[in-house]
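Order of the sequence lines sets the chain letters (A, B, ...), proteins ahead of strands, with each chain counted from 1. If you're wondering where the values come from, they're calculated on a predicted model, not measured in any experiment.
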Protein chains: 4
Amino acid sequence: MRTRADTDTTGGTEDGSAVPVPRRLLAAATRLFAEQGYDRTSVQEIVEAAGVTKGALYHYFGSKDDLLHEIYGRLLRLQQERLDLLAGRDAPVEQRLREAAADVVVTTIDNLDDAMIFFRTMHQLSPEKQRQVRAERRRYHERFRALVEEGQRSGVFSTAAPAELVVDYHFGSVHHLGSWYRPDGRLSPQQVADHLADLLLRSLRP
Amino acid sequence: MRTRADTDTTGGTEDGSAVPVPRRLLAAATRLFAEQGYDRTSVQEIVEAAGVTKGALYHYFGSKDDLLHEIYGRLLRLQQERLDLLAGRDAPVEQRLREAAADVVVTTIDNLDDAMIFFRTMHQLSPEKQRQVRAERRRYHERFRALVEEGQRSGVFSTAAPAELVVDYHFGSVHHLGSWYRPDGRLSPQQVADHLADLLLRSLRP
Amino acid sequence: MRTRADTDTTGGTEDGSAVPVPRRLLAAATRLFAEQGYDRTSVQEIVEAAGVTKGALYHYFGSKDDLLHEIYGRLLRLQQERLDLLAGRDAPVEQRLREAAADVVVTTIDNLDDAMIFFRTMHQLSPEKQRQVRAERRRYHERFRALVEEGQRSGVFSTAAPAELVVDYHFGSVHHLGSWYRPDGRLSPQQVADHLADLLLRSLRP
Amino acid sequence: MRTRADTDTTGGTEDGSAVPVPRRLLAAATRLFAEQGYDRTSVQEIVEAAGVTKGALYHYFGSKDDLLHEIYGRLLRLQQERLDLLAGRDAPVEQRLREAAADVVVTTIDNLDDAMIFFRTMHQLSPEKQRQVRAERRRYHERFRALVEEGQRSGVFSTAAPAELVVDYHFGSVHHLGSWYRPDGRLSPQQVADHLADLLLRSLRP
DNA sequence: GATGAATGAGGCTTCATTCAT
DNA sequence: AATGAATGAAGCCTCATTCAT
């Protein structure tokens with residue numbers, strides 16, 4: 001169960017073979033899981049794409065599931081950190097919610113592979129691991145909801161819809177990004193983010 | 001889960017064995033795919049749950065994929081039919097969009113197993129079948145977008161966000177329903193639908 | 001085990017659907033076995049090609065093996081009959097052997113599908129059926145060998161090689177026909193037959 | 001059957017488990033395919049006979065077909081090598097053809113299992129693999145035919161029959177060996193070979 | 001740190017045959 | 001005379017994981 005073993009780029013010659021093995025494995029797994037799905041990607045494919053052997057994979061990761069978990073973790077930690085930062089700022093709640101809503105869109109697009117893997121695979125983990133991941137996710141969800149509730153209490157947001165449902169409304173669109181967003185499309189990540197945040201804020205106008 | 005009626009025992013001896021085999025198989029597959037995911041459900045489990053043998057399954061369905069396709073089809077046909085009906089009515093566009101937006105939520109909740117299977121499994125079909133399904137789905141999407149565009153042209157909806165993106169915003173929340181909606185929760189399907197339709201319409205106010 | 005049920009063409013309208021079912025089945029099976037091999041042809045394919053259902057097949061034939069047996073029988077009976085006729089004629093032994101040698105080539109080419117099925121499938125029957133078929137085949141073989149021996153005794157054929165081996169030499173080339181003979185090739189069946197019979201007779205010159 | 005040596009226990013504890021796994025698998029497959037035919041031999045039987053598990057087989061061979069291909073290859077390579085050697089010698093063409101004709105008989109008998117598998121199974125491969133095998137076989141065939149043509153041009157062989165057909169005549173008898181040759185029969189492989197080569201040469205006398 | 005051969009369980013699918021109608 | 005649903009056994013192959021080196 002040796003997870004989180006990525007010990008940093010050691011110098012790095014031009015061919016990239018100096019990238020540490022754990023990182024190479026994680027990168028290969030991320031790409032393949034995103035392209036083919038978790039179940040349809042074999043350990044053999046991962047090690048071949050990473051240019052190592054099975055023994056190496058099992059040296060760094062306890063199981064195929066561990067790879068998944070690590071991919072999840074990377075994104076979750078990143079987004080949680082940024083939300084805590086933004087929500088804690090000293091600014092009107094509308095602005096803080098708008099920024100938080102846009103930020104989760106941008107970081108999701110910037111890590112679209114990780115995000116898609118997360119959204120699609122979460123529900124097919126063992127119940128035990130599922131509970132663990134859900135718990136981490138919930139903390140994020142609740143911090144976000146607190147922003148909505150704060151605005152509702154202070155009268156700047158409509159209370160027509162329950163805060164809970166509003167948050168799910170927004171996160172639905174974030175989860176859905178992988179189904180339609182294309183890097184070569186007309187809108188930049190930031191533009192998409194601004195639009196979606198705007199839609200959220202508009203829907204909350206009293 | 002297990003939302004829609006697998007209860008139509010037609011005639012039926014006490015064990016329900018009078019239900020036609022294909023229906024029994026479809027019901028069993030739907031339940032298991034929803035509970036465990038497509039890849040993690042074996043054909044063996046399906047036939048055991050349906051009380052038949054593997055041979056019988058392959059007598060009616062060409063492959064495990066075919067079962068999936070049939071489940072998709074049921075829902076797609078239902079929703080397309082209803083959208084065509086609602087969108088074609090003689091009523092102000094705000095009202096038609098509101099009803100369509102609410103209707104897709106209600107039918108999705110009413111068929112939550114089918115819907116979740118659809119949303120989660122679509123992207124792990126063979127590229128060929130995936131294209132076919134996407135094409136059917138697109139028709140639905142475009143009819144919906146046409147409503148938004150109609151309202152934007154006539155000035156009743158804001159043009160701040162592209163119609164395309166607005167539609168994806170709403171469908172994101174629909175896809176997301178399976179992640180949080182629980183039949184035993186505080187809100188009825190219709191209430192959830194009304195809320196989500198309201199959020200959509202609010203976000204489109206000029 | 002109702003074999004040999006072909007009761008003759010009953011009138012026959014223009015679409016061929018008046019061809020009796022057993023004959024249609026036999027024709028379909030012959031073509032498919034020749035094209036794909038016995039094991040790789042399913043009963044389902046046969047009945048579809050014949051335009052009937054499985055029940056019909058099993059009404060006329062006891063098993064898939066029975067179809068095979070019937071195909072064998074047709075050819076064996078034909079060739080045995082003709083050999084008996086030719087060998088019993090009142091003519092010099094060289095002429096009788098030449099004619100017999102050519103005749104088996106012509107009838108094999110004329111029934112190339114049946115022959116190929118026979119040569120290729122014989123050895124994968126159940127040991128019991130295999131013995132039965134071998135016995136029928138042996139009778140043919142021995143009648144042929146008797147001709148060679150007769151010529152050797154009377155001094156018109158060389159005794160350099162055992163008669164047994166000479167016969168196998170010739171039958172080898174007959175069995176091999178399916179591997180190279182093409183109906184659209186340069187040589188007609190009769191020309192091929194004459195050449196092969198000539199090679200046999202030449203190799204027997206003292 | 002079981003002609004060629006599967007007896008090269010390299011080192012080897014008492015149970016022969018020191019023979020490399022791929023060789024054990026190949027030996028087992030060869031024996032079983034020859035005895036029962038390719039289609040009627042299951043992968044399960046092969047691995048049991050070789051004393052390994054299915055996983056091991058698929059570690060070394062991509063498919064059941066691959067085993068077959070390897071068996072083919074062994075024989076094809078051997079015979080091609082020997083023909084090239086014999087045909088290129090500095091000797092009268094009659095002698096070179098006689099030796100080549102006898103040699104293919106001897107090596108076929110010495111590897112009768114491989115040969116029979118080849119002759120019987122070739123035609124039931126996938127069209128693609130079939131073309132590949134045919135191409136390799138054709139090279140052998142053409143080298144052989146060149147010898148006949150050389151003799152015909154120089155007048156030592158009759159031109160009554162086309163060279164092509166003469167070659168097929170001979171190869172027919174080679175393919176047929178498995179149908180009658182028995183190791184415990186009266187004739188040794190070399191005697192059979194000499195007789196068959198003699199019949200060929202006799203049939204070519206002008 | 002890393003190899004790669006081997007395991008063993010399980011996956012999907014095919015098929016000849018039977019039987020009630 | 002013919003149907004076609006259903007069986008049940010078997011078939012080929014995949015894969016995450018382990019372990020001796």
Choosing from [options], which nucleotide comes nearest the side chain of [X]?
X       : options                : result
B:Ser42 : E:dG11, F:dC12, E:dT17 : E:dG11
C:Val21 : E:dA16, F:dA2, F:dC15  : F:dA2
B:Ala56 : F:dA6, F:dA2, E:dT13   : F:dA6
D:Val52 : E:dT7, E:dA2, F:dT3    : E:dT7
D:Ser63 : E:dG1, E:dT13, F:dC13  : F:dC13

Integer-rounded Å distance: [N] [atom2] and [X] [atom1]:
X       : N      : atom1 : atom2 : value
C:Phe61 : E:dT17 : CZ    : P     : 13 Å
B:Gln36 : E:dG10 : CD    : P     : 14 Å
B:Asp39 : E:dG10 : CG    : P     : 17 Å
B:Gln44 : F:dG11 : CD    : C1'   : 15 Å
D:Leu57 : E:dG8  : CG    : P     : 15 Å
B:Lys64 : E:dT14 : NZ    : P     : 15 Å
B:Ile46 : E:dG11 : CD1   : P     : 11 Å
B:Asp66 : E:dT13 : CG    : P     : 9 Å

Of all heavy-atom pairs between [X] and [Y], which one has the smallest distance, and what is that distance?
X        : Y       : value
A:Asp113 : A:Arg31 : OD2-CA, 4.2 Å
C:Leu32  : C:Ala49 : CD1-CB, 4.0 Å
D:Thr41  : D:Gly37 : OG1-O, 2.7 Å

Legend entry - Option passing side chain to side chain contact (heavy atoms under 4.5 Å, CB included) with B:Tyr38 (candidates B:Leu67, B:Ile117, B:Leu68, B:Ile71): B:Leu68

Legend entry - 5' priority, DNA chain F, between A:Glu45 and B:Tyr60 [closest heavy atom]: B:Tyr60

Legend entry - Under 4.0 angstrom between A:Tyr58 side-chain N/O and F:dT17 OP1 or OP2: yes

Inset, instruction - Answer yes or no: does a side-chain N or O of C:His59 lie under 4.0 Å from OP1 or OP2 of F:dA1? - result: yes

Legend entry - C:Tyr72 side-chain N/O to C:Met122 backbone N/O, donor-acceptor pair under 3.5 Å: yes

Inset, instruction - Give a yes or no answer on whether the side chain of B:Tyr60 reaches the backbone of B:Arg23 with a donor-acceptor pair at less than 3.5 Å. - result: no

Legend entry - B:Val43 or B:Gly55, whichever maps to the more 5' nucleotide of DNA chain E: B:Val43

Inset, instruction - Identify, between C:Arg40 and B:Tyr38, the residue whose nearest nucleotide on DNA chain E lies closer to the 5' end. - result: B:Tyr38

Inset, instruction - Hunt down any stem DNA chain F takes part in, defined as 3 or more consecutive Watson-Crick or G-U pairs whose two distances are each under 3.5 Å. - result: E:2-21 with F:2-21

Legend entry - Residues in side-chain contact (heavy atoms from CB on, under 4.5 Å) contact with A:Arg134, at least two apart in sequence or another chain: A:Gln130

Inset, instruction - Please step through side chain to side chain contact (heavy atoms under 4.5 Å, CB included) for the pair D:Phe33 and D:Lys64, ending with a clear verdict. - result: CA-CA 11 Å; D:Phe33 289 167; D:Lys64 196 183 164 190; 4.3 Å; yes

Legend entry - Donor-acceptor pair (no angle test) under 3.5 Å: B:Lys54 side chain, E:dT13 base: yes

